[in-house]
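Below you'll find the structure, written out as structure tokens, and then a few comments.
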2 protein chains.
Amino acid sequence: ADKLKRFPGLARKAIWKVGKEDPRRVVHSMKVGVALVLVSLLFLLEPLFKGIGKNALWAVMTVVVVMEFTVGATLCKGLNRGIGTLSAGSLAFLIKYFADAPGRIFQAVYIGIAVFMIGALTTYVRFIPNIKKNYDYGVLIFLLTFNLITVSSYRVDYIWDFARDRIYTIAIGCGLCLVMTILVFPNWSGEDLHKNTISKLEGLANSIQVCVREYFYESAKEETEDDDSSEDPIYEGYKAVLDSKAKDETLASQASWEPRFSRYCHKFPWHQYTRVGAALRQFGYTVVALHGCLQSEIQTPKSISTLYKDSCMRLGEEVSNVLRELANSIRNNRQFSPQTLSNNLNEALQDLDNALKSQPQLVLGLRNGRTRTLKTAVQAIPLPHPDQKLEEDTKFSFTSLGNCSSTPRLRQSVEHSRELKRKVLRPQMSMTASAIISLEFSEALPFAAFTSLLVEMVAKLDHVMVEVYELGLVAHFKEFQGDEIVV
Amino acid sequence: ADKLKRFPGLARKAIWKVGKEDPRRVVHSMKVGVALVLVSLLFLLEPLFKGIGKNALWAVMTVVVVMEFTVGATLCKGLNRGIGTLSAGSLAFLIKYFADAPGRIFQAVYIGIAVFMIGALTTYVRFIPNIKKNYDYGVLIFLLTFNLITVSSYRVDYIWDFARDRIYTIAIGCGLCLVMTILVFPNWSGEDLHKNTISKLEGLANSIQVCVREYFYESAKEETEDDDSSEDPIYEGYKAVLDSKAKDETLASQASWEPRFSRYCHKFPWHQYTRVGAALRQFGYTVVALHGCLQSEIQTPKSISTLYKDSCMRLGEEVSNVLRELANSIRNNRQFSPQTLSNNLNEALQDLDNALKSQPQLVLGLRNGRTRTLKTAVQAIPLPHPDQKLEEDTKFSFTSLGNCSSTPRLRQSVEHSRELKRKVLRPQMSMTASAIISLEFSEALPFAAFTSLLVEMVAKLDHVMVEVYELGLVAHFKEFQGDEIVV
């Protein structure tokens with residue numbers, strides 16, 4: 001009952017959110033409305049109706065079914081529908097030609113067999129991955145039209161008119177859809193794919209930056225803990241990457257239907273974008289593991305990690321910068337300089353190496369009870385104030401961080417509602433967790449893992465760079481010019 | 001041209017593979033064929049045709065469009081189509097009732113406005129995630145039917161008959177589809193979801209087992225390197241988990257349309273299955289990171305890792321065993337014992353802790369040039385023969401491993417074809433990689449990371465256990481009985 005009372009509010013919120021997220025959706029809805037009115041004119045206007053007749057209904061149907069959000073999707077559906085209808089029509093006539101034999105019963109049996117064979121075959125063909133991906137709708141329409149024509153041919157004599165009308169009206173419907181999607185505020189799948197890739201790169205860059213920052217300045221995290229927002233900026237940054245496979249592939253296959261789209265009339269390199277996406281997913285899994293180090297119940301004492309803080313932060317910043325530079329490279333259609341980026345990364349790696357070498361006994365020191373002495377030694381070193389340091393390092397990205405720097409974990413808040421049910425379970429389950437905490441090796445390992453994952457990340461970044469560079473080659477990005485780097 | 005020549009062979013292979021992967025597809029194709037023949041009888045048999053007439057074509061259409069692979073999907077489409085048609089019909093009559101005003105032109109304008117409004121509104125509504133997920137098809141059919149009826153009402157006088165026929169024939173088509181999918185060799189989405197979850201758990205168990213094994217016995221890996229198969233058993237095991245989100249959600253939402261399906265007439269807990277899936281994905285990311293330790297260019301010298309081999313292997317085996325026990329629990333619809341599983345995990349953790357504590361200087365030892373002495377010390381300890389040891393520990397899963405124990409990395413072989421293009425890039429890019437290798441800290445860190453990830457994995461496993469336990473509660477699994485554990 002309570003749910004029912006809250007429903008209008010929730011519905012209004014959902015409706016509002018959909019439009020706010022992407023205003024193109026409102027425009028698209030209007031476009032569909034206009035297209036439907038236009039196609040209805042075939043029926044409403046006397047002269048047009050006389051020309052086409054009642055079969056204009058097929059055109060209305062086509063518009064409803066074919067018109068999609070992006071040009072690529074509409075083209076894919078429209079062409080599939082057109083080709084499916086045409087080929088089904090041809091096949092139906094071929095079969096009718098051979099079936100034009102004596103005997104009403106023989107004819108019926110013949111039609112039945114044909115319907116069964118074609119039905120089973122096309123259904124089976126639709127399971128083939130390649131066909132499912134690009135031509136599923138075409139095969140469906142083929143089956144539909146074939147059945148309609150073959151079955152009607154048993155009763156209707158003017159079957160040729162029937163087929164011709166169906167083809168005409170479908171052509172009119174498809175044409176109208178294409179005009180509306182291509183000429184009026186077009187949405188290109190290729191463009192979406194392009195922008196998605198950029199925003200994924202930037203999301204990952206933010207994730208890593210916040211992640212490394214929180215690892216070393218946990219206080220900064222807790223300050224914002226009371227914030228209302230239940231979004232974890234780290235999770236926000238990489239979540240789009242993790243489950244991007246299906247979306248990427250849909251957009252890419254739609255983009256493959258779009259006419260040559262890039263400025264210089266090269267074929268749109270949609271395939272390479274999916275490869276960049278795959279490399280980013282692999283990279284993203286490492287980011288998740290890095291994030292896991294933050295959330296882990298075992299933490300290395302601050303006294304240890306502070307010693308390597310600057311080097312780790314620098315490496316993290318470098319990785320973020322490379323990701324941002326790659327994003328800029330794609331955004332501005334210009335090639336990046338692998339040389340410069342690699343050099344920066346290498347310097348940061350070398351720096352971390354030096355830091356680790358200069359204090360080799362630290363990783364073990366703790367376990368021998370030397371904690372206290374180390375701690376005081378650390379405190380003696382004058383550290384720059386956290387915020388001050390950050391502002392210097394990440395000046396250009398600070399605003400974007402400011403927008404989302406609040407930390408109460410998303411998943412925690414989601415699971416909060418289920419906490420009650422779990423209370424029964426917890427005592428048993430958390431035994432493992434407390435066992436982990438109580439183990440002594442736990443103190444030294446987590447930091448080593450964090451560092452190792454950072455280094456691993458650099459290796460994965462290499463793959464991303466290769467794929468983006470290749471994208472630049474395929475898409476004929478502008479040459480890299482030394483003075484253009486602003487990172 | 002070469003591609004064209006190879007096409008028939010490739011096509012035959014693809015067609016064969018689709019059927020071999022899942023023979024139910026062949027059966028489903030037959031079912032569609034039979035359903036189409038049955039619905040064609042409406043046209044072919046004289047008495048039936050007299051009853052329904054030419055509008056039987058709508059029934060043919062409905063069968064082609066509605067019949068899907070699983071019961072859930074068919075029910076979803078069928079009910080959506082039915083409800084969409086009915087509500088559109090009602091609305092159209094309501095509007096016609098008010099529009100039955102004077103003047104042909106006024107009527108046309110009125111119809112145009114209605115078409116525009118309803119078209120734009122329904123298109124917009126389809127963007128709302130909740131509706132898109134479950135009712136997309138229904139809204140589409142609503143729009144379609146509404147337009148057909150409203151527009152025809154301008155010309156056709158016996159519009160009531162038109163609407164009634166459409167509803168009748170769609171009901172016949174949907175009914176036929178449901179009978180065919182539910183009564184003849186039904187495929188249940190819920191069952192697929194159930195089996196998928198089990199196989200994902202087992203895949204992860206295999207991945208971890210092979211991964212830990214390969215980490216310590218690299219020789220075993222190289223033996224099978226010449227094998228033709230280009231599949232990496234580790235990657236094979238977890239790849240289904242990583243991109244499972246879309247598939248899980250589709251199956252779950254289809255399953256939610258299926259009638260109460262479990263044996264005891266409880267509602268099928270599809271929602272909880274998606275939660276288990278989400279926990280598994282989180283777990284899977286850690287497995288990817290663990291796999292990354294294997295593939296990494298930097299490796300800890302064998303002399304170090306051998307010392308901790310037994311404990312790490314034991315922990316890995318324990319984690320695999322827990323996953324297998326969870327899989328069995330779901331498969332046999334019986335609850336598992338969190339107590340027993342946790343105890344085993346804890347013992348393994350404790351074991352690893354002891355091993356690390358007993359040789360604390362090792363992590364650093366290397367860097368101080370003590371490598372040689374350590375190595376000889378290690379060789380003095382009599383180690384059990386690798387295979388012998390494994391056979392004892394993993395007897396019951398050895399066959400499944402045998403099937404896929406060949407290692408040439410999938411991704412490597414895929415990328416091989418692109419190697420040429422990259423040759424130009426490599427010199428620049430691989431600078432980073434070689435920089436990583438040359439760093440000194442690299443020797444100690446990777447093993448620490450590997451161990452830490454193993455421990456992290458146990459923490460994530462906790463979440464998976466909670467979710468599976470909850471699944472057991474919701475799905476009313478049998479109580480756990482002490483003597484049932486066979487792991």
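Chain letters run A, B, ... following the sequence lines, proteins first, then strands; residues in each count from 1. The structure displayed is predicted, hence computed values, not measured ones.
- Contact tally against chain A (heavy-atom pairs below 4.5 Å) for B/Leu36, B/Leu45, B/Val125: the top residue is B/Leu36.
- Comparing A/Gly19, A/Ala56, A/Ala14 by how many heavy-atom pairs each has under 4.5 Å with chain B, the most go to A/Gly19.
- When heavy atoms are compared at a cutoff of 4.5 Å, A/Leu242 approaches chain B by way of both its backbone and its side chain.
- Between chain B and the residues A/Val26, A/Thr286, A/Ile113, A/Asp22, the most heavy-atom pairs under 4.5 angstrom are made by A/Val26.
- Note that CG of A/Leu453 and NE2 of A/His291 are 13.0 Å apart. Values are rounded to the nearest 0.5 Å.
- Both the backbone and the side chain of A/Val37 come within less than 4.5 Å of a heavy atom of chain B.
- Per-residue counts of heavy-atom pairs under 4.5 Å with chain B were compared for A/Val60, A/Leu144, A/Ile131, A/Ile128; the largest is that of A/Leu144.
- A perpendicular orientation is assigned to the rings of A/His28 and B/Phe127, their planes being inclined by more than 60° (bins at 30° and 60°).
- Proximity of B/Val39 to B/Leu42: side-chain heavy atoms (C-beta onward) are separated by under 4.5 Å at one or more points.
- Residue pairs meeting the side chain to side chain donor-acceptor pair (under 3.5 Å) criterion with at least one partner in residues 114-129 of chain A, sequence neighbours excluded, are A/Arg126-A/Asp136.
- Under the 4.5 Å side-chain criterion, counting only non-hydrogen atoms from C-beta, B/Gln282 is not in contact with B/His463.
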